[in-house]
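One structure is given here, and the rest of the page talks about it.
Only this structure's heavy atoms are used, side chains among them; waters, hydrogens and symmetry mates stay out.
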Amino acid sequence: MPFTIATWNINSVRLRAPIVRKLLEEEAPDVLCLQEIKTPVEKMPDFSDLGYGHVVARGQKGYNGVAILSKLPLEDLGDRDFADLGHARHVAARLENGVAIHNFYVPAGGDEPDRAKNVKFGQKLDYLTEMRDWFRDSRPEKAILVGDLNIAPREDDVWSHKQLLKIVSHTPIEVDHLGAVQEAGSWVDVTRKDIPEGLLYSWWSYRAKDWDAADKGRRLDHVWASSDIARSGHSSRVLRDARGWTQPSDHAPVFATFDL
DNA sequence: ATGCCCGACGCAGTCGGA
């Protein structure tokens with residue numbers, strides 16, 4: 001049975017419950033992975049009336065938080081607190097077809113791309129290193145990894161490779177760390193398997209008044225699959241329209257479909 | 001630097017986002 005998965009950094013699920021509903025009604029993915037829900041799980045809005053009664057989530061007050069909403073039953077596979085930050089940045093669940101879904105919100109890393117001057121940048125690199133080690137030690141099979149990885153790895157994942165080389169999210173050291181995570185798990189970047197050429201973004205800053213015309217975006221949100229099921233992935237897309245919805249998130253949802 | 005926004009918390013202003 002084919003199923004569609006979407007990932008979306010929602011930047012407060014309570015504030016944006018109306019546009020989450022809009023996405024679920026109009027696009028009806030089987031699974032929606034959210035990041036930055038910014039709420040304890042008890043205060044998560046309920047979307048079960050739209051068919052999303054299966055929820056596996058980890059939250060905390062005010063910051064971070066990840067949730068997997070599903071039309072299909074989920075088994076909670078637990079969470080990891082990489083780099084011991086005490087943050088809700090990962091949760092995993094398994095579908096009845098055996099596919100494990102890992103939902104990540106990788107730390108943003110602050111402004112200064114130097115771990116000697118900026119603790120947050122060091123934490124981001126450490127988080128990625130611990131992800132790498134985990135996937136190296138427990139090779140993922142029948143798995144999908146999605147989320148806001150807060151890194152745009154390719155030159156055509158940003159509006160200006162040259163101008164962003166020293167900007168956190170596109171520095172070579174971050175790209176190297178993300179590449180090591182991908183290699184350790186033999187993860188396939190499904191979005192770029194489907195859309196191999198051209199500029200592609202999933203995030204546009206709130207600061208640019210006319211984000212659409214300026215189009216100075218970055219591809220921070222990713223859909224990866226373990227190599228055994230990567231070939232079943234297809235129809236990847238970014239729902240750019242959602243960035244222009246009422247009171248939007250600064251991220252747009254990224255979709256992929258798997259025939260499994 | 002894309003420009004000076006946006007959300008949580010909580011009631012003013014600070015922290016975090018990227």
Could you tell me the separation between the CD1 atom of A:I37 and the C1' atom of B:dG17, rounded to a whole number of Å?
-> 16 Å
When you compare B:dG17 with B:dA12, how far apart are their P atoms, in angstrom units rounded to a whole number?
-> 26 Å
Under 4.0 Å between any heavy atoms, over every strand shown, what does A:D148 touch: base, sugar-phosphate, or nothing? Just pick one.
-> sugar-phosphate
Below 4.0 Å: OP1/OP2 of B:dC9 and any side-chain N or O of A:K61 | no
Check whether NZ of the Lys or CZ of the Arg A:R218 lies under 6.0 Å from the centre of the six-membered ring of A:W159 and within 45 degrees of that ring's axis.
-> no
Quickly work out the A:D250 CG to B:dC4 C1' distance and round it to whole Å.
-> 15 Å
Could A:R219 and A:Y201 be counted as a cation-pi pair, given that NZ or CZ must be under 6.0 Å from the ring centre and within 45° of the axis?
-> no
If you measure from the C1' atom in B:dT2 to the same atom in B:dT14, how many Å do you get, rounded?
-> 23 Å
Under 4.0 Å: is that the gap between some side-chain N or O of A:Y63 and OP1 or OP2 of B:dT14?
-> no
Below 4.0 Å: OP1/OP2 of B:dA18 and any side-chain N or O of A:N150 | yes
Using a heavy-atom cut-off of under 4.0 Å over every strand shown, decide if A:W211 touches base, sugar-phosphate, or nothing.
-> nothing
Whole-angstrom distance between B:dC15 and B:dG10, as gauged at atom C1' = 13 Å
Among B:dG7, B:dA18, B:dA1, which is the nearest nucleotide to the side chain of A:S169?
-> B:dA18
Counting side-chain heavy atoms from C-beta on, which of B:dA8, B:dC5, B:dA18 comes nearest to A:S12?
-> B:dA8
To the nearest Å, give me how far apart CD (A:Q60) and P (B:dC15) are.
-> 18 Å
When rounded to whole Å, the CZ to P distance for the pair A:R207 and B:dG17 reads 13 Å
A:W203 side chain: which of B:dC5, B:dA1, B:dA18 is closest?
-> B:dA18
Report yes if a side-chain nitrogen or oxygen of A:S205 is closer than 4.0 Å to either non-bridging phosphate oxygen (OP1 or OP2) of B:dC5; otherwise report no.
-> no
Taking the side chain as C-beta and beyond, is there a heavy-atom pair between A:S169 and A:N150 under 4.5 Å?
-> no
Which whole number of Å gives the distance between the P atom of B:dA1 and that of B:dG16?
-> 23 Å
Side chain of A:R16, base of B:dG7: donor and acceptor closer than 3.5 Å?
-> no
For A:N103 and A:Q35, does a side-chain donor sit closer than 3.5 Å to a side-chain acceptor?
-> yes
Under 4.0 Å between any heavy atoms, over every strand shown, what does A:E112 touch: base, sugar-phosphate, or nothing? Just pick one.
-> nothing
Gap in Å between the two P atoms, one belonging to B:dA18 and one to B:dG13, rounded = 26 Å
Measure from NZ on A:K38 to C1' on B:dG16 and round the result to the nearest Å.
-> 7 Å
Least distance between heavy atoms, A:P140 atom then A:G185 atom = CG-O, 3.5 Å
Tell me: NE2 of A:H251 to C1' of B:dC6, nearest whole Å?
-> 12 Å
Report which part of the nucleic acid A:D215 touches: base, sugar-phosphate, or nothing (heavy-atom distance under 4.0 Å, all strands).
-> nothing
Hey, does the side chain of A:N9 come within less than 4.0 Å of B:dA18's phosphate (OP1/OP2), counting only N and O?
-> yes
Give A:L220 one of three labels, base, sugar-phosphate or nothing, depending on what nucleic acid heavy atoms sit under 4.0 Å from its own.
-> sugar-phosphate
Assign A:A108 to base, sugar-phosphate, or nothing according to its heavy-atom contacts below 4.0 angstrom with the strands shown.
-> sugar-phosphate
Round to the nearest Å and state the distance from A:Y206 atom OH to B:dG16 atom P.
-> 18 Å
note: A:Y105, atom OH; B:dG17, atom C1'; distance rounded to Å ~ 6 Å
Comparing A:R14 and A:I151 on DNA chain B - which has the more 5′ nearest nucleotide | A:R14
Under 4.0 Å between a side-chain N or O of A:K124 and OP1 or OP2 of B:dA18?
-> no
Please check if the side chain of A:T4 supplies one atom and the backbone of A:P29 the other of a donor-acceptor pair under 3.5 Å.
-> no
With sugar-phosphate meaning primed atoms plus P, OP1 and OP2, does A:K120 contact a base, only sugar-phosphate, or nothing at under 4.0 Å between heavy atoms?
-> sugar-phosphate
OP1 or OP2 of B:dG17 less than 4.0 angstrom from a side-chain nitrogen or oxygen of A:R89, does that happen here?
-> yes
Side chains of A:N11 and A:K38: donor-acceptor distance under 3.5 Å anywhere?
-> yes
